[in-house]
Amino acid sequence: MKLSIGEVSKIFNISKETLRYYDKIGILKPEVNSQNGYRYYLFKHLEKLSLILGIKLLGISLADIKQTIGSEDLNEYKNLVSKQEEILKIKKKELEHLEYNLNKSKKILNTVTNFKNEYNFENLEISNQNYSLYALDMKKLLSSNICPIGTMSLEKELSYLNEEINDTYIYLYNIIENTNVYENENLLFIKENPKNIEILKKYLNNEDISSIKIDIHERCVSVNFYGTTKQINEYILSLNKYFNCPKNNMAYVKYEFYLPKKTDDVMYFVNINLNVSI
């Protein structure tokens with residue numbers, strides 16, 4: 001059986017240019033008709049091409065594939081299979097992470113769709129909250145060597161971690177004189193968890209993480225809210241005034257969902273924890 005480059009490209013749904021490139025770099029060289037110089041492929045080429053495309057799909061470079069195929073060494077194939085296995089584990093974790101986020105988004109969307117902000121503060125309950133937070137200085141992480149692998153790697157690992165503890169990142173809002181609310185965008189908080197302690201030590205080069213730990217032992221009012229940044233700030237101020245809290249107070253805000261808009265008035269669905277300890 002002899003197949004032209006056009007026939008092979010149709011069978012595998014790849015371009016002729018791809019096949020020519022494989023020929024050029026020597027990873028898949030077709031047979032050549034000595035009389036007319038036409039190139040053609042045999043069944044053995046199809047098997048090899050199927051192997052190449054399957055491995056390449058996992059993100060393994062053509063250079064590694066070429067080296068393995070060219071070596072004709074079982075150990076090289078064994079190493080390549082091990083590399084494929086590791087890549088599959090990563091991809092599987094990423095897909096599970098995507099599925100988790102999709103389910104979480106669906107759940108939040110259902111909540112937001114039927115949600116109404118509570119403006120009758122008499123209906124809100126005050127509860128004692130006891131937990132610990134770790135404060136990450138994002139500017140410090142981005143501008144120094146504290147995070148050697150990159151902040152995005154830290155974010156991804158913490159994101160995976162948050163699936164297990166069913167939590168999200170927390171931001172600090174400072175209330176100033178009961179007239180303004182200032183969001184500290186440089187600090188990102190995560191709740192204490194045995195696994196995230198390991199991650200933090202890894203990215204902070206085994207620094208003493210107790211220096212970034214904050215123990216929360218407060219009476220708080222916890223309430224969800226859906227609105228713009230301005231509306232969130234106004235709502236926090238209203239809460240602070242209603243519960244006769246200090247004029248200079250703080251609230252911890254968790255962002256659960258945001259709705260992008262063409263204007264700057266992006267809508268956020270958040271959970272607000274206001275310290276009402278007096």
Side-chain angles (χ1 to χ4, degrees), residues 1-106 138 141-164 195 198-199 202-203 205 258 260 262:
M1 179 184 66
K2 296 181 179 180
L3 296 171
S4 68
I5 185 172
E7 290 172 325
V8 173
S9 68
K10 289 181 180 178
I11 292 173
F12 286 88
N13 194 29
I14 58 176
S15 67
K16 296 177 184 179
E17 287 70 24
T18 297
L19 289 170
R20 293 191 182 102
Y21 179 69
Y22 289 173
D23 181 10
K24 180 180 179 180
I25 65 175
I27 195 172
L28 182 68
K29 299 193 75 65
E31 302 293 325
V32 180
N33 189 317
S34 57
Q35 295 182 352
N36 54 28
Y38 288 164
R39 286 171 166 74
Y40 60 90
Y41 294 87
L42 302 176
F43 185 74
K44 65 178 182 180
H45 295 117
L46 303 188
E47 291 181 325
K48 190 174 182 180
L49 179 57
S50 180
L51 174 65
I52 293 169
L53 295 177
I55 298 173
K56 185 174 179 292
L57 186 63
L58 294 174
I60 295 177
S61 69
L62 288 174
D64 286 344
I65 299 173
K66 180 181 178 181
Q67 178 182 333
T68 301
I69 294 175
S71 69
E72 299 181 353
D73 185 347
L74 283 176
N75 287 324
E76 288 285 343
Y77 275 92
K78 183 179 178 180
N79 291 335
L80 189 64
V81 169
S82 296
K83 185 180 289 188
Q84 286 177 281
E85 186 178 27
E86 289 302 314
I87 292 173
L88 280 174
K89 287 180 181 179
I90 294 173
K91 287 187 176 292
K92 181 181 178 182
K93 189 172 183 180
E94 289 178 345
L95 287 173
E96 289 174 349
H97 177 63
L98 177 60
E99 183 180 23
Y100 168 84
N101 281 331
L102 286 173
N103 289 332
K104 183 178 179 180
S105 296
K106 183 178 179 180
M138 300 308 294
L141 285 174
L142 289 169
S143 61
S144 70
N145 294 323
I146 289 179
C147 188
I149 305 179
T151 304
M152 288 304 295
S153 297
L154 171 62
E155 182 179 351
K156 181 174 285 188
E157 289 202 47
L158 291 176
S159 182
Y160 288 149
L161 171 65
N162 283 329
E163 295 177 15
E164 300 180 16
K195 290 186 178 180
E198 295 177 9
I199 295 174
K202 171 183 175 183
Y203 285 92
N205 293 331
Y258 81 96
K262 293 180 180 179

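Positions are given from 1, in the same order as the sequence printed here.
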Peer 1: For a quick test of your reading: what N or O donor-acceptor pairs under 3.5 Å do the side chains of residues 80-88 make, sequence neighbours left out?
Peer 2:
| residue | atom | partner | partner atom | Å |
| --- | --- | --- | --- | --- |
| Ser82 | OG | Lys78 | O | 3.1 |
| Lys83 | NZ | Asp64 | OD2 | 3.0 |

Peer 1: Determine the minimum heavy-atom distance between Ile65 and Lys56, stating which atoms define it.
Peer 2: CD1-N, 3.8 Å

Peer 1: With a 4.0 Å cut-off on N to O distance, would you call Glu7 and Lys16 a salt bridge?
Peer 2: no

Peer 1: What distance do Lys48 atom NZ and Leu53 atom CG have between them, rounded to the nearest 0.5 Å?
Peer 2: 12.5 Å

Peer 1: Taking the side chain as every heavy atom from C-beta outward, state whether Ile27 and Tyr21 have any atom pair closer than 4.5 Å.
Peer 2: no

Peer 1: Could you please spell out the steps behind the side chain to side chain contact (heavy atoms under 4.5 Å, CB included) verdict for Leu3 and Leu46?
Peer 2: CA-CA 10 Å; Leu3 296 171; Leu46 303 188; 3.6 Å; yes

Peer 1: Is the shortest heavy-atom distance from the side chain of Leu49 to the side chain of Ile14 under 4.5 Å?
Peer 2: yes

Peer 1: Check side chain to side chain donor-acceptor pair (under 3.5 Å) between Asp23 and all other residues, then give those that pass, not counting sequence neighbours.
Peer 2: Lys29, Arg39

Peer 1: Taking the side chain as C-beta and beyond, is there a heavy-atom pair between Lys104 and Tyr100 under 4.5 Å?
Peer 2: yes

Peer 1: Taking Ile25's backbone N and O only, do any of them form a donor-acceptor pair with Lys66's side chain (distance below 3.5 Å, no angle check)?
Peer 2: yes

Peer 1: Do the side chains of Leu98 and Glu94 get nearer than 4.5 Å, heavy atoms only?
Peer 2: no

Peer 1: Let me see the working for Leu19 and Phe12 under side chain to side chain contact (heavy atoms under 4.5 Å, CB included), right down to the final yes or no.
Peer 2: CA-CA 10 Å; Leu19 289 170; Phe12 286 88; over 6 Å; no

Peer 1: For Ser9 versus Ser15, what's the shortest heavy-atom pair and its separation?
Peer 2: CB-C, 4.2 Å

Peer 1: If you count every heavy atom of other residues, nucleotides or ligands that lies below 6.0 Å from Asn103 atom CG, does the total exceed 12?
Peer 2: yes

Peer 1: For Tyr22, check ring pair (Phe, Tyr, Trp, His ring centres under 6.0 Å) against everything at least two apart and list the hits.
Peer 2: none

Peer 1: Using every non-hydrogen atom in the two residues, find where Leu28 and His45 come nearest and quote the distance to one decimal.
Peer 2: CD1-O, 3.8 Å

Peer 1: Side-chain contact test, heavy atoms from C-beta onward, threshold under 4.5 Å: evaluate it for Pro30 versus Tyr41 and give yes or no.
Peer 2: yes

Peer 1: I need the Thr18 OG1 to Ile5 CD1 distance, nearest 0.5 Å.
Peer 2: 9.5 Å

Peer 1: When rounded to the nearest 0.5 angstrom, what distance separates CD1 in Ile52 from CD in Glu47?
Peer 2: 12.0 Å

